[in-house]
Amino acid sequence: GAVVSQHPSRVICKSGTSVKIECRSLDFQATTMFWYRQFPKQSLMLMATSNEGSKATYEQGVEKDKFLINHASLTLSTLTVTSAHPEDSSFYICSAPYTGAGYTFGSGTRLTVV
Amino acid sequence: AQSVTQPDIHITVSEGASLELRCNYSYGATPYLFWYVQSPGQGLQLLLKYFSGDTLVQGIKGFEAEFKRSQSSFNLRKPSVHWSDAAEYFCAVGGGNNNDMRFGAGTRLTVKP
């Protein structure tokens, strides 16, 4: 139980284009979704927290106009990287808390901007 | 916000030797603590977690961790390391005001034959 499905797993896009990453909770309602970014050989850094039906909250230093987060339903949260540049190339992963203080993670999206 | 420190960036052990990876946390209340393992290019795999109760937690793959409140620590141990344990290990603390999870910087484990 408590599965989050993340798509796509890999994406290559051209500089200046936008990319959307989806995280769906398959068997539970995810009222909250956390979005992380992991650069090579580094740790996971929390970018933002999305809550269903309200605006996302962003960590300090994360550009909210560049990383658009939408959490319109209890089972879907999306992260859109707008006007992507090579420095946005990274591993993006979502996570949702579920009953019992557990957390479930998506499988991650490796974004490469060329 | 809560935070996690993993003092060791890289550890090398011989196969069959014991292992201890250190983790210290900062959090005002009783933390939710986790250890994850990540192989190159892969996602996270949960090894074990602590919420409450017995402070010695058993996980998968023969790992265990002990929560020590007095030391604000949650060190990961394994009595005998296998070559397949070579990976990146992350300690994380959850809960917090926002119920979010924060990760330590990670410890890269190398296993010598």
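What you see is a predicted model; the values in this text were computed from it and never measured. The figures here come from the full heavy-atom set of this structure, side chains too, leaving out hydrogens, waters and symmetry mates.
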K.L.:
Around atom CD1 of I9(B), are there more than 12 heavy atoms of other residues, nucleotides or ligands at under 6.0 Å?
P.N.:
no
K.L.:
If only atom types and distance count, is the side chain of S43(A) paired as donor or acceptor with the main-chain N or O of G106(B) below 3.5 Å?
P.N.:
no
K.L.:
When you compare the side chain of Q45(B) with that of F105(A), does any pair of heavy atoms fall below 4.5 Å?
P.N.:
no
K.L.:
Does any backbone or side-chain atom of L44(A) lie under 4.5 Å from a heavy atom of chain B? Answer side chain, backbone, both or neither.
P.N.:
both
K.L.:
Between L76(A) and F67(A), is there shared hydrophobic-cluster membership here, with clusters defined by ILVMFWY side-chain heavy atoms closer than 4.5 Å?
P.N.:
no
K.L.:
Provide the closest heavy-atom pair for F90(B) versus Q38(A) in the form atom of the first, atom of the second, distance.
P.N.:
CZ-NE2, 3.5 Å
K.L.:
Between atom CD of Q42(A) and atom CD of E88(B), what is the distance when rounded to the nearest 0.5 Å?
P.N.:
10.5 Å
K.L.:
Roughly how far, to the nearest 0.5 Å, is OG1 of T32(A) from CG of N99(B)?
P.N.:
7.0 Å
K.L.:
Under a 4.5 Å heavy-atom cut-off, does chain A meet the side chain of Q38(B), its backbone, both or neither?
P.N.:
side chain
K.L.:
I need the W35(A) CH2 to D100(B) CG distance, nearest 0.5 Å.
P.N.:
16.0 Å
K.L.:
Take atom CZ in R77(B); do more than 12 heavy atoms of anything else shown fall under 6.0 Å from it?
P.N.:
yes
K.L.:
Side-chain heavy atoms under 4.5 angstrom apart, residues restricted to Ile, Leu, Val, Met, Phe, Trp, Tyr: same cluster for V81(A) and L68(A)?
P.N.:
no
K.L.:
Calculate, to the nearest 0.5 Å, the distance between atoms OH and OH belonging to Y32(B) and Y103(A) respectively.
P.N.:
7.5 Å
K.L.:
Honestly curious: do M45(A) and Y36(B) fall in one hydrophobic cluster under the side-chain, below-4.5 Å linking rule?
P.N.:
no
K.L.:
Sequence neighbours excluded and cut-off under 3.5 Å, please list the side-chain donor-acceptor pairs for residues 106-114 of chain A, or say none.
P.N.:
| residue | atom | partner | partner atom | Å |
| --- | --- | --- | --- | --- |
| T109(A) | OG1 | Q6(A) | NE2 | 3.0 |
| T109(A) | OG1 | P8(A) | O | 2.5 |

K.L.:
Under a 3.5 Å distance rule, please check whether Y36(A) uses its side chain to pair with a backbone N or O of F103(B) as donor and acceptor.
P.N.:
no
K.L.:
Quick test of your reading: applying side-chain hydrogen bond (donor to acceptor under 3.5 Å, both in side chains), list the pairs with at least one residue in residues 54-63 of chain A, sequence neighbours left out, ordered by first then second residue.
P.N.:
E59(A)-R102(B)
